[in-house]
Each structure stands twice: as C-alpha cells, then as structure tokens.
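Everything below concerns the one structure shown next.
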Amino acid sequence: MSTKTIVTNPQLAEQVAAALLHIQAVALRPNQPFTWTSGLKSPIYCDNRITISYPEVRELIADGLVALIRENFPDAEVIAGAATGGIPHAAWVAQKLNLPMVYVRDKAKGHGKENLIEGYIQPGQKTVVIEDLISTGGSSLKVALAVNDAGAQALGVLGIFSYQFEKASEAFAGAGIPFETLTNYSILIDVALKQGSIQQADLEALKAWRLNPSEFGK
Ligand SMILES: O=P(O)(O)OC[C@H]1O[C@H](OP(=O)(O)OP(=O)(O)O)[C@H](O)[C@@H]1O
Ligand SMILES: O=C(O)c1cc(=O)[nH]c(=O)[nH]1
C-alpha cells in the first residue's frame, strides 16, 4: 500500500538532534545494553521525556510538529497523544493549533471508566497522532489503529525521533498510515560525530548494532 510522503525540514532535523544531545537525552551504554519496550537490547537510548524540562527545546519540538501538521495535514481536527511520552507534546501542539486533544493509553484502564482513549473523539474526526519516539513503531501504530477503531480517522503519526528501522516503515506502510519524525538516528549520529560527542569506538558499536539490532546483547 502506498502512503503519503511527509515533507520534513533538514535544518530543523539537525537542530533537534543537537538539542537532544545538548540536554543529554541520548545515552550510550554499549557494555550494559538498554532493554526497549519491544524487548530489543540496545547500546543507545534516547530519552525524549527529558525534553519537557527544557522550555526552549520543547518549544522547538512543538513548533516543528505544528509546521509538519500545517504542511502535511492541514485538515487535522484532533491531536492524539500516545501515552505516556507523546502526551505533553500533543498538548502543546493542540494548544498552538487550537484543536481538541485526546490521549491514547497503551491498554484500557483497568478501573474507573475503563477507557483506552481519554478525552472526546468523534466518529470521522481527522486525527494526527503525536509520539515522542519511534523504534519498531509498535506503540504508535497501535495508537493510530485505536483511533481508527474508535471510528475516527488517523491521518498520520508524527514524532520527535525515529531509529529508521525497516520494520517500522513496513508496519506503517502495511497499515496505510504515514509517519515521520522531526529528526532521526542517522542525523543524530552525524551531528554527534561533527560535535565530537561520540568517539570512533562508539560509532563502531552503533554500526554493529544497527546491522542486526535483534542480536545485540545476546
Ligand atoms: O516504536 P516502539 O518499538 O513501540 O518503541 C517506542 C515507544 O517506547 C517508548 O515508550 P515506553 O513503552 O517506554 O513508555 P512511555 O512512553 O510510557 O515512557 C516510547 O515513548 C515509544 O512510545
Ligand atoms: O524502544 C524503546 O523502548 C525506546 C528506545 C529509546 O531510545 N528511547 C525510548 O524512550 N524508548
């Protein structure tokens, strides 16, 4: 299935990558791999949750996401945050666009109203999903599909950072849902190398992991 190509801003991509490095959102731990939500082991972890503590960085991100929405999804009617990392960014974006916001849990609440989606979303409403980070894409795609299951229409998923895994591209393409991020793994590595914030040895470990992420740390 062919999906819409989302136009991004290469200058902003470098700026966001530099900001993530500057606030130390990116951690390298080749000898003590991180475990990701998908179960993958990785020498790198990009903790975009940290961005909420930096007004200038979160503003850069919110403005970047707003520009992407205006350019690519001008008919968006609702902004949906993917819990939990996507929620604050979705809120800032919804505020800037003066649009309603919802957030989507990773599973329905086990008590109270037992909602999966919090806030009101109406059948047919055109919705853009905001996520903080895309690895396999499993979490954000699930959110987009939940929006569709609720009778609304997920126009696409936008995030801050992606590892550019083929698996993620295939999953989104298979579902016919476009996705894009403000910056990504290759831009981050380029910026980090230029700045000297990663060394040759780190680069080798990152390259080896990238070639076969499912085997790393085994
Ligand atoms: O593309 P994926 O392979 O699904 O991985 C990315 C997801 O992992 C992280 O969330 P996490 O599960 O750590 O939860 P959090 O957002 O509540 O911190 C991140 O915020 C994304 O939602
Ligand atoms: O896949 C994940 O769980 C993941 C990777 C990463 O770099 N950062 C993050 O917050 N989650």
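What you are looking at is a predicted structure, and each value in this text was computed from that prediction instead of being measured. Just so you know, ligand 1 is whichever comes first in the structure, and atom 1 is the first atom listed for that ligand.
- Protein heavy atom at the shortest distance from atom 22 (O) of ligand 1 is Glu131 OE2, 2.8 Å.
- Here's the thing with Ser139: one of its N/O atoms is less than 3.5 angstrom from an N/O atom of ligand 1.
- Side-chain contact between Ile198 and Leu21: absent, with no pair of heavy atoms (C-beta onward) separated by less than 4.5 Å.
- For atom 20 (O) of ligand 1, the nearest non-hydrogen atom of the protein is Asp132 OD1, 2.6 Å.
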Could you pull out every N or O of ligand 2 that sits under 3.5 Å from a protein N or O, with the distance for each pair?
{"residue": "ligand 2", "atom": "1 (O)", "partner": "Ser135", "partner atom": "OG", "Å": "2.7"}
{"residue": "ligand 2", "atom": "3 (O)", "partner": "Thr37", "partner atom": "N", "Å": "2.8"}
{"residue": "ligand 2", "atom": "7 (O)", "partner": "Cys46", "partner atom": "N", "Å": "2.8"}
{"residue": "ligand 2", "atom": "7 (O)", "partner": "Tyr163", "partner atom": "OH", "Å": "2.5"}
{"residue": "ligand 2", "atom": "8 (N)", "partner": "Cys46", "partner atom": "O", "Å": "2.8"}
{"residue": "ligand 2", "atom": "10 (O)", "partner": "Tyr45", "partner atom": "OH", "Å": "3.1"}
{"residue": "ligand 2", "atom": "10 (O)", "partner": "Cys46", "partner atom": "O", "Å": "3.4"}
{"residue": "ligand 2", "atom": "10 (O)", "partner": "Arg49", "partner atom": "NH1", "Å": "3.0"}
{"residue": "ligand 2", "atom": "10 (O)", "partner": "Arg49", "partner atom": "NH2", "Å": "3.0"}

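- Remark: the backbone N or O of Gln164 is not paired with any side-chain donor or acceptor of Asn184 at under 3.5 angstrom.
- A heavy-atom distance below 4.5 Å is not found between the side chains of Tyr103 and Thr84.
- Residue contact annotation: Lys142 has no non-hydrogen atom under 4.0 Å from ligand 1.
- For the pair Arg70 and Val66, the minimum side-chain heavy-atom distance is below 4.5 Å.
- Side chains of Glu131 and Ser139: a donor-acceptor N/O pair is absent below 3.5 angstrom, by distance only.
- When Asp47, Thr136, Ile87 are checked for heavy-atom proximity to atom 2 (P) of ligand 1, Thr136 turns out nearest.
- At a threshold of 4.5 Å between non-hydrogen side-chain atoms, the residues Leu188 and Ile44 count as touching.
- With a heavy-atom cut-off of 4.0 Å, Thr37 touches ligand 1 through its side chain alone.
- When each atom of ligand 1 is checked for a heavy atom of Ile134 under 4.0 Å away, the hits are 1 (O).
- Taking the six-membered ring for Trp, Phe165 and Trp209 have ring centres closer than 6.0 Å.
- Considering backbone and side-chain N/O of Gly137, one or more are found under 3.5 Å from N/O of ligand 1.
- Short contacts between ligand 1 and Gly85, defined as distances under 4.0 Å to a heavy atom of the residue, involve ligand atoms 16 (O).
- Using cut-offs of 30° and 60° for the angle between ring planes, the Trp92 and His89 rings count as perpendicular.
- Residue contacts with ligand 1 for Thr84 involve both N, CA, C or O and side-chain atoms from C-beta outward (heavy atoms, distance under 4.0 Å).
- No side-chain heavy atom of Val93 sits under 4.5 Å from any side-chain heavy atom of Val128.
- Remark: Arg105 does not engage Glu114 in a salt bridge, criterion side-chain N to carboxylate O under 4.0 Å.
- Across Ile160, Thr35, Asp106, Leu133, heavy-atom proximity to atom 21 (C) of ligand 1 is greatest for Leu133.
- You'll find the side chain of Lys109 reaches within 4.5 Å of the side chain of Glu118, heavy atoms only.
- Proximity of Val104 to Leu116: side-chain heavy atoms (C-beta onward) are separated by under 4.5 Å at one or more points.
- Of all protein heavy atoms, the one lying nearest to atom 14 (O) of ligand 1 is Arg49 NH2, 4.2 Å.
- Between Tyr45 and ligand 1, no pair of N/O atoms sits closer than 3.5 Å.
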